[in-house]
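Structure first, commentary second.
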Amino acid sequence: MKAMTRFIVAFALVLIVAASAVEHAHGQRSRIQNVTVNLTAQGYNPSVVRLRKGVRARLTFIRKTDETCGQQLLIPAYNITRDLPLNQPVTVKFTPKRNGTFRFTCGMNMLRGKLLVS
């Protein structure tokens, strides 16, 4: 009888640990910051993006105008350069590693936005 009780307790512990591991893995996957930034004739919208340090970020840029110099995106602090084709979403993925204010601009540095990481 004691052996059966030990088996049941051990089995219950295995189930608890397994459930915790699945929950943790699922929580890690859902910890992604998703932000869409539209580039219009007025500039980036939003022009300020708040991000959490250490949490994976997925920024999607959509250039909706051909009236600006916004054919290219630069995020110098993260060594990111991307072409922005008209009306096509371009997703940039990275993990902010330090707190601070980091700029993103067009290729000519005329259109500007900020990443606020904390």
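Considering every non-hydrogen atom in both Y78 and P96, the closest pair reads OH-CA, 3.3 Å. Across all their heavy atoms, R82 and I80 have their closest contact at NH1-CG2, 3.6 Å. Contact record, F104 with V37: CE1-CG1, 4.4 Å, taken as the closest heavy-atom pair. Minimum interatomic distance between K93 and R56 (heavy atoms only, all atoms of both residues): CB-NH2, 3.3 Å. What you find for R52 and V117 is that their closest heavy atoms are C-CG1, 4.3 Å. The shortest heavy-atom contact between K64 and N87 is CA-OD1, 3.7 Å.
A side chain to side chain contact (heavy atoms under 4.5 Å, CB included) with L73 is found for one member of T81, D83, V90, V92 and no other, namely V92. Of the listed residues (L116, L59, T95), just one forms a side chain to side chain contact (heavy atoms under 4.5 Å, CB included) with L51, and that residue is L59.
Under the side-chain hydrogen bond (donor to acceptor under 3.5 Å, both in side chains) criterion, D66 pairs with R63, not counting sequence neighbours.
Atoms OG and CZ, on S47 and R112 in that order, are 12.0 Å from each other to the nearest 0.5 Å. Rounded to the nearest 0.5 angstrom, R103 CZ and L74 CG are separated by 8.0 Å. To the nearest 0.5 angstrom, C69 atom SG is 5.5 Å from M108 atom CE. Summarising the geometry, atom OG1 belonging to T65 is positioned 7.5 Å from atom CG belonging to L86; distances are rounded to the nearest 0.5 Å. Separation of atoms CG (N34) and CZ (R58) is listed at 4.5 Å; rounding is to 0.5 Å. Between the CD atom in E67 and the CG atom in L39 there is a gap of 11.0 Å [rounded to 0.5 Å].
At least one donor-acceptor pair closer than 3.5 Å links the side chain of Y44 to the backbone N or O of C106.
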